[in-house]
Amino acid sequence: MTTTPVIEIRNLSKIYGDTSTNQVYALNNMTFMMQQGEFIGIMGASGSGKTTLLNVISTLDTPSEGTISLTGTDITTMNANELSDFRAQRLGFIFQEFNLLEHLTIYENIALPLSLQDVPADEIKSKVKQVMEKLNITALAEHYPATVSGGQRQRTAAARAIVHKPALLLGDEPTGSLDLKNAVSLLETMKRLNEADRISILMVTHDAFSASYCSRILFIQDGELVKELHRTSSRELFYKQILDVLGDYGSAAAAAGAANEAGQRHDSERH
Ligand SMILES: Nc1ncnc2c1ncn2[C@@H]1O[C@H](COP(=O)(O)OP(=O)(O)O)[C@@H](O)[C@H]1O
Ligand SMILES: [Mg+2]
């Protein structure tokens, strides 16, 4: 039996700039598939194309060349209305900043994607209740985001991302603004959603520790896939293997990225 891949990307390119002299290939002829139930990490130095890749998969941006099929549907031929319906019904997002709405309760924040889709009220109630229990935040239903802990906010964001049972959960550096304890808690939650509920997850990260929770890592450099790594044994060993690949492929680029990020931090400290 064959199942339809969650993601099927063929010869995907994204070119920025309109004249031949200023063209940047943010994505350059990329081809890969993601099967249902995978937990894939996208790694690469700063500027390698990670966010661009996530944006075209999440239908927020359009590719210049190539095709993207999500659960068997070619999204590259859809119009704006079809895309927004597809996004609302089939995709879930976890952002670095959790983007909770401060004037809505925890319950209302989680219910939002369903309310926007005109799901009947009793159905919303049972779905939100179910996902709150799963993420252990039932007691917080009537609280406002500002009154709960960082870990609880982030579990609320995860609940909101999966309440409509998306075919694919997407995250751009979801652990990027968390301390280690909360990062581990979010990664454990994602792992559980992936393993117990078979939710397919694609996560961009530049952090080897976060990536070690994935089942497969795709390494990109200058918009091209340069290497992939499958997890075959423990997370600890996978973590070491990821560090080795980053050393082999990314030392120059990673050093440049780190220097760049340090420079930006330095700049922002001065301002
Ligand atoms: N809107 C844009 N206009 C022009 N160039 C862009 C734009 N967005 C991204 N790029 C360029 O595309 C490349 C990939 O960027 P991005 O996907 O943000 O990388 P990453 O997320 O890996 O840091 C970089 O060279 C970046 O400067
Ligand atoms: Mg990025």
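Along the sequence shown, the residues carry numbers beginning at 1. Quick caveat: nothing in here was measured; it's all calculated off a predicted structure.
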**Nearest-0.5 Å distance, CD of residue Gln221 to CG of residue Asn28** = 12.0 Å
**Request:** Given side-chain contact (heavy atoms from CB on, under 4.5 Å), test Thr52 with Tyr16 step by step and report yes or no.
**Result:** CA-CA 10 Å; Thr52 304; Tyr16 288 112; 3.9 Å; yes
**Asked** Would a 4.5 Å heavy-atom cut-off, applied to side chains only, mark Thr205 and Ile42 as touching?
**Response** no
**Asked** So, does Thr175 use its side chain to make a donor-acceptor pair with the main chain of Leu178 at under 3.5 Å?
**Response** no
**Asked** Can Val6 be reached from Phe86 by stepping across I, L, V, M, F, W or Y side chains whose heavy atoms are under 4.5 Å apart?
**Response** yes
**Prompt:** Can you check whether Asp248's main-chain N or O pairs, donor with acceptor, with Lys227's side chain at less than 3.5 Å?
**Reply:** no
**Message:** Testing the 3.5 Å rule here: is there a donor-acceptor pair between the side chains of Thr71 and Thr4?
**Reply:** no
**Item:** Interatomic spacing from CD1 in Ile94 to CZ in Arg160 - rounded to 0.5 Å
**Value:** 9.5 Å
**Heavy-atom check, side chain of Phe238 versus side chain of Thr232, under 4.5 Å** = no
**Prompt:** Do Leu91 and Leu70 touch side chain to side chain, with heavy atoms closer than 4.5 Å?
**Reply:** yes
**Request:** State, with a plain yes or no, whether a side-chain heavy atom of Lys134 is found less than 4.5 Å away from one of Asp197.
**Result:** yes
**Request:** Determine whether Arg216 and Glu38 make a side-chain contact, defined as any pair of heavy atoms from C-beta on separated by less than 4.5 Å.
**Result:** yes
**Message:** Test side-chain contact (heavy atoms from CB on, under 4.5 Å) on Asp61 and Lys14; report intermediate values, then the result.
**Reply:** CA-CA 9 Å; Asp61 200 355; Lys14 176 70 183 181; 3.2 Å; yes
**Request:** Salt-bridge test for Arg192 and Glu188: reply yes if a basic N is under 4.0 Å from a carboxylate O, no otherwise.
**Result:** no
**Asked** So does Asn55 have more than 12 non-hydrogen atoms from other groups sitting under 6.0 Å from CG?
**Response** yes
**Asked** Within 45° of the six-membered ring axis of Tyr213 and under 6.0 Å from that ring's centre, is NZ or CZ of Arg235 located there?
**Response** yes
**Item:** Tyr239-Leu180 co-clustered via ILVMFWY side chain contacts under 4.5 Å
**Value:** yes
**Message:** On a heavy-atom basis, which atom in Val56 and which in Pro63 lie closest, and how many Å separate them?
**Reply:** CG1-N, 4.0 Å
**Request:** Treating Ile, Leu, Val, Met, Phe, Trp and Tyr as nodes and any side-chain heavy-atom pair under 4.5 angstrom as an edge, say whether Ile75 and Phe32 lie in one connected cluster.
**Result:** yes
**Message:** Quick check against the 3.5 Å criterion: does Ser69 have a side-chain atom that pairs as donor or acceptor with the backbone of Gly72?
**Reply:** no
**Fill in**
In short, Val163 meets Pro113 closest at the heavy-atom pair CG1-CG, 4.1 Å
**Asked** Is Glu133 reaching over with its side chain to a backbone N or O of Gln130, donor-acceptor style, under 3.5 angstrom?
**Response** no
**Prompt:** Is the closest side-chain donor-acceptor distance between Thr156 and Asn109 under 3.5 Å?
**Reply:** no
**Prompt:** Should Met132 and Ile106 count as side-chain neighbours, where that means a heavy-atom distance under 4.5 Å?
**Reply:** yes
**Asked** Under 4.5 Å between side-chain heavy atoms, hopping through other hydrophobics if needed: is there a path connecting Tyr25 to Leu12?
**Response** no
**Request:** Apply the side chain to side chain contact (heavy atoms under 4.5 Å, CB included) test between Leu116 and each candidate in Leu114, Val119, Asp118, Leu112; give the one that qualifies.
**Result:** Leu112
**Request:** Answer yes when Lys240 and Glu236 have at least one side-chain N-carboxylate O distance shorter than 4.0 Å, and no when they do not.
**Result:** no
**Item:** Closest contact, heavy atoms only, Ala161 versus Pro166
**Value:** O-CG, 3.4 Å
**Message:** What I want to find out is whether Arg153 reaches Glu102 closely enough, with some N-O distance under 4.0 Å, to be called a salt bridge.
**Reply:** yes
**Message:** With side-chain contact (heavy atoms from CB on, under 4.5 Å) as the criterion, how do Asp222 and Ser48 come out once you've worked through the C-alpha distance, each side chain's angles and the decisive distance to 0.1 Å?
**Reply:** CA-CA 5 Å; Asp222 298 331; Ser48 58; 5.9 Å; no
**Request:** Measure the spacing between CD of Glu173 and CG of Leu54 and express it to the nearest 0.5 Å.
**Result:** 10.0 Å
**Asked** Any donor and acceptor pair, going by atom type alone, linking the side chain of Ser64 with main-chain N or O of Ile15 inside 3.5 Å?
**Response** yes
**Prompt:** Is the shortest heavy-atom distance from the side chain of Glu65 to the side chain of Asn11 under 4.5 Å?
**Reply:** no
**Request:** Please report the closest heavy-atom contact between Ser200 and Gly37, naming both atoms and the distance.
**Result:** OG-N, 2.9 Å
**Request:** Return yes if a side-chain donor-acceptor contact under 3.5 Å exists between His164 and Gln89, otherwise no.
**Result:** no
**Request:** Measure the NE2-CG distance between His206 and Leu246 for me, rounded to the nearest 0.5 Å.
**Result:** 10.5 Å
**Prompt:** Distance-only, no hydrogens or angles: does the Thr189 side chain make a donor-acceptor pair with backbone N or O of Ser185 under 3.5 Å?
**Reply:** yes
**Request:** Give the C-alpha distance, both sets of side-chain angles, the deciding distance and a yes or no for side-chain hydrogen bond (donor to acceptor under 3.5 Å, both in side chains) between Asp172 and Thr51.
**Result:** CA-CA 7 Å; Asp172 193 353; Thr51 295; 3.0 Å; yes
**Item:** Side-chain heavy atoms of Glu228 within contact of His230, under 4.5 Å
**Value:** yes
**Asked** Judged by atom type as modelled, is there a donor-acceptor pair below 3.5 Å linking the side chain of Asn79 to the main-chain atoms of Asn81?
**Response** yes
**Sidechain N-carboxylate O distance under 4.0 Å for Glu123, Lys125** = no
**Item:** Heavy-atom pair with the smallest gap, counting every atom of Pro5 and Met33
**Value:** CG-SD, 3.5 Å
**Asked** Any donor-acceptor pair under 3.5 Å linking the side chain of Ser215 with the backbone of Phe39?
**Response** yes
**Message:** Rounded at 0.5 Å granularity, tell me how far CG in Leu168 sits from CZ in Phe93.
**Reply:** 8.5 Å
**Complete:** In terms of heavy-atom contacts, Met78 and Thr73 come closest through CE-CG2, 3.2 Å
**Prompt:** Just how far is it from atom NZ of Lys50 to atom CZ of Phe219, taken to the nearest 0.5 Å?
**Reply:** 12.0 Å
**Any side-chain donor near an acceptor of the partner, Asp74 and Thr76, under 3.5 Å** = yes
**Message:** Go through it in stages, so that I can follow the logic: the residues are Ile242 and Met43, the test is side-chain contact (heavy atoms from CB on, under 4.5 Å), and I'd like the CA-CA distance, side-chain angles, deciding distance and then a yes or no.
**Reply:** CA-CA 10 Å; Ile242 294 165; Met43 297 197 83; 3.6 Å; yes
**Asked** Is there a donor in the side chain of Arg87 and an acceptor in the side chain of Thr59, or the other way round, less than 3.5 Å apart?
**Response** yes
**Prompt:** Are Leu135 and Val148 connected in a single hydrophobic cluster, I mean Ile/Leu/Val/Met/Phe/Trp/Tyr linked by side-chain heavy atoms less than 4.5 Å apart?
**Reply:** yes
**Item:** Worked verdict on Asp85 versus Arg90 for salt bridge (Lys or Arg N to Asp or Glu O under 4.0 Å)
**Value:** CA-CA 8 Å; Asp85 284 348; Arg90 310 305 310 278; over 6 Å; no
**Asked** With no hydrogens and no angle check, is any side-chain donor or acceptor of Asn29 less than 3.5 Å from a backbone partner on Ser13?
**Response** no
